[in-house]
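Nothing here was measured: the structure is a model prediction, and the numbers come from that model. Naming: A, B, ... by sequence-line order, numbering from 1 per chain.
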Amino acid sequence: KQEVTQIPAALSVPEGENLVLNCSFTDSAIYNLQWFRQDPGKGLTSLLLIQSSQREQTSGRLNASLDKSSGRSTLYIAASQPGDSATYLCAASGTYKYIFGTGTRLKVLA
Amino acid sequence: DAGVIQSPRHEVTEMGQEVTLRCKPISGHNSLFWYRQTMMRGLELLIYFNNNVPIDDSGMPEDRFSAKMPNASFSTLKIQPSEPRDSAVYFCASSLEGQRGEETQYFGPGTRLLVL
């Protein structure tokens with residue numbers, strides 16, 4: 001049974017810092033791994049999707065990597081901004097079924 | 001595109017009442033998902049439809065929960081009778097699923113349900 005863990009559960013950083021969010025999963029037989037952002041009281045917004053054959057994906061200041069053999073993914077946020085404050089969730093997918101981590105709550109201080 | 005649309009956005013009801021949540025997926029998407037999010041259990045898949053057919057309902061908590069998808073543009077999640085432990089945020093998501101299920105899921109804004 002797939003289990004997804006995210007560390008840390010919460011993170012507070014000053015504006016401008018580069019930071020890394022971690023996601024680990026127990027079953028390496030995944031089709032893809034996706035990172036989402038959730039703002040308070042809102043739904044989830046997809047940030048990056050890494051297919052199982054890929055090692056990383058980049059979008060603007062975000063870079064996500066995937067290492068299936070070690071069961072890990074990282075989300076790197078460069079030059080963090082207060083607008084990046086949100087909860088970040090990773091989800092490991094085996095076909096249609098996403099198993100979500102419990103998220104990292106990020107606060108970027110101005 | 002308007003994205004995934006859910007209604008109502010907020011629902012407050014009393015224990016024992018019937019609750020119906022509604023979802024309109026993104027036009028052209030062939031897969032629809034209902035999730036529940038709580039502080040204790042995080043985000044859990046309740047049921048998955050593909051081409052309007054329920055494929056996996058193993059996450060539906062018990063017989064009080066039922067879901068339908070009568071056509072490609074509409075789905076409902078019904079709780080009857082509701083209980084306080086059903087209080088949560090219920091999300092609907094849709095995707096255009098290919099052979100390997102590698103497509104992004106797009107989430108609606110959620111319905112915040114409070115059962116008193």
*Taking heavy atoms only and a threshold strictly under 4.5 Å, list by residue number the residues of residues 49-74 of chain B that touch chain A; give 'none' if the list is empty.*
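The list, in residue order, reads D56(B), S58(B).
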
_Looking only at the aromatic ring of each residue, does the gap between the centers of Y35(B) and F107(B) stay below 6.0 angstrom?_
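Between Y35(B) and F107(B), which both carry aromatic rings, the centre distance is below 6.0 Å.
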
*Looking at K1(A) and D27(A), does any basic side-chain N land under 4.0 Å from a carboxylate oxygen?*
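So K1(A) does not pair with D27(A) through a salt bridge.
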
*Residue, of G42(B), P109(B), G110(B), that accumulates the most heavy atom pairs under 4.5 Å with chain A*: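 Of G42(B), P109(B), G110(B), P109(B) has the most heavy-atom pairs under 4.5 Å with chain A.
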
Check the hydrophobic clustering (I, L, V, M, F, W, Y; side-chain heavy atoms under 4.5 Å; chains of links allowed) and say if [X] and [Y] are grouped together.
| X | Y | answer |
| --- | --- | --- |
| F100(A) | Y48(B) | yes |
| L89(A) | L46(B) | no |
| V13(A) | Y88(A) | yes |

With a 4.5 angstrom heavy-atom cut-off, which part of [X] approaches chain A: side chain, backbone, both or neither?
| X | value |
| --- | --- |
| R41(B) | neither |
| Q37(B) | side chain |
| Y106(B) | neither |
| L43(B) | both |

*For C90(A), does its backbone N or O pair with a side-chain atom of Q6(A) as donor and acceptor, under 3.5 Å?*
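Pair found, side chain donor or acceptor close to backbone of C90(A).
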
_Taking side-chain hydrogen bond (donor to acceptor under 3.5 Å, both in side chains) as the criterion, tell me which of S59(A), S46(A), S73(A) meets it with W35(A)._
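With W35(A) as partner, side-chain hydrogen bond (donor to acceptor under 3.5 Å, both in side chains) holds for just one option, S73(A).
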
*Pairwise side-chain contact, L33(A) with S93(A), heavy-atom cut-off 4.5 Å (strictly under)*: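 L33(A) vs S93(A): side chains apart.
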
